[in-house]
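Below is one structure; the comments refer to it alone.
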Amino acid sequence: MSEENKTTEAYIPTPLDESVQNRPLLLLKTAIPYLPPSQGRMLAMIVKIMELQRVNEMYDAGAPELAMCEGMSNNSRMCQLLEAIKPYCVSEELGTIDFLLNILSVADLSGELFS
């Protein structure tokens, strides 16, 4: 399997996914394919609702992983975002991301020079 296909086909959990998941949800998800379709569909919907509830609770609690870039400049925040999505991109997208990171770096330098 080529590197590009591995990136697009393999599931790589995001930090949010890792924060939302817990053992009971993983056990429920594992059971879904073994249920009759109507019950599997219902359980899948329940699991997604539970995940949404966990995300909502994380925001209510002020979870630090949801505010990683708080207080950063817009350029720094954008650089962090671009770096964070790199593992989920294919090679063509990585070139674009690197190009954008270079532009942001030049913008930061020029801002420092002229301020």
Side-chain angles (χ1 to χ4, degrees):
M1 176 182 297
S2 75
E3 188 66 29
E4 180 177 285
N5 287 339
K6 188 170 27 170
T7 303
T8 57
E9 292 177 10
Y11 172 71
I12 304 169
T14 66
L16 178 64
D17 291 329
E18 291 174 351
S19 297
V20 169
Q21 292 304 312
N22 62 16
R23 184 168 167 70
L25 285 174
L26 291 173
L27 292 173
L28 289 172
K29 284 182 174 184
T30 302
I32 292 170
Y34 299 97
L35 298 173
S38 63
Q39 292 174 348
R41 176 182 291 167
M42 184 61 67
L43 183 58
M45 299 295 244
I46 291 169
V47 166
K48 290 300 173 187
I49 290 168
M50 291 170 70
E51 288 175 343
L52 289 171
Q53 286 174 328
R54 286 185 53 84
V55 170
N56 193 44
E57 290 167 3
M58 290 170 65
Y59 272 103
D60 287 344
E65 59 268 26
L66 298 175
M68 294 171 56
C69 296
E70 192 173 323
M72 287 186 171
S73 70
N74 285 339
N75 273 3
S76 295
R77 187 182 307 236
M78 185 57 67
C79 287
Q80 290 287 332
L81 169 63
L82 291 170
E83 288 291 344
I85 65 172
K86 278 177 127 177
Y88 309 100
C89 296
V90 294
S91 59
E92 295 86 17
E93 295 164 335
L94 290 173
T96 302
I97 288 174
D98 287 335
F99 177 74
L100 292 171
L101 285 168
N102 287 333
I103 289 173
L104 290 170
S105 178
V106 168
D108 272 345
L109 286 175
S110 64
E112 289 176 16
L113 289 174
F114 298 111
S115 59

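In what follows, residues are counted from 1 in the order of the sequence shown.
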Could you tell me the separation between the CE atom of Met42 and the CD1 atom of Ile32, rounded to the nearest 0.5 Å?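 Separation between the atoms: 12.0 Å.
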
Could you state the interatomic distance from CG (Leu94) to OH (Tyr88), rounded to the nearest 0.5 Å?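 Answer for the CG-OH pair, Leu94 versus Tyr88, is 13.0 Å.
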
List the residues meeting side chain to side chain contact (heavy atoms under 4.5 Å, CB included) with [X], not counting sequence neighbours, and say none if there are none.
{"X": "Met50", "result": "Leu25, Leu28, Ile46, Gln53"}
{"X": "Leu52", "result": "none"}
{"X": "Leu101", "result": "Cys79, Leu82, Glu83, Lys86, Ile97, Asp98"}
{"X": "Thr96", "result": "Leu100"}

Please collect all salt bridge (Lys or Arg N to Asp or Glu O under 4.0 Å) contacts where either partner lies in residues 33-43, sequence neighbours excluded, each pair once.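 Passing the test, one end in residues 33-43: no pairs.
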
For residues 18-39, which residue pairs qualify under salt bridge (Lys or Arg N to Asp or Glu O under 4.0 Å), counting only residues two or more places apart or in two chains?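 For residues 18-39: Lys29-Glu51.
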
Partners of Asp17 by side-chain hydrogen bond (donor to acceptor under 3.5 Å, both in side chains), sequence neighbours excluded?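 By the side-chain hydrogen bond (donor to acceptor under 3.5 Å, both in side chains) rule, Asp17 matches Tyr11, Thr14.
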
Applying salt bridge (charged side-chain N to carboxylate O under 4.0 Å, His left out), can you list everything that pairs with Glu93, at least two apart in sequence or on another chain?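 So Glu93 forms no salt bridge (charged side-chain N to carboxylate O under 4.0 Å, His left out) with any residue.
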
Other than Ile49, what residues sit in its cluster of Ile, Leu, Val, Met, Phe, Trp and Tyr side chains whose heavy atoms are under 4.5 Å apart, directly or through others?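 ILVMFWY cluster around Ile49 holds nothing else.
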
Heavy-atom side-chain proximity of Val20 to Met58 below 4.5 angstrom: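 Yes. Closest side-chain heavy atoms under 4.5 Å.
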
Please tell me whether Leu43 and Leu26 are part of a single hydrophobic cluster in this structure, the criterion being side-chain heavy atoms less than 4.5 Å apart.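 No, separate clusters.
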
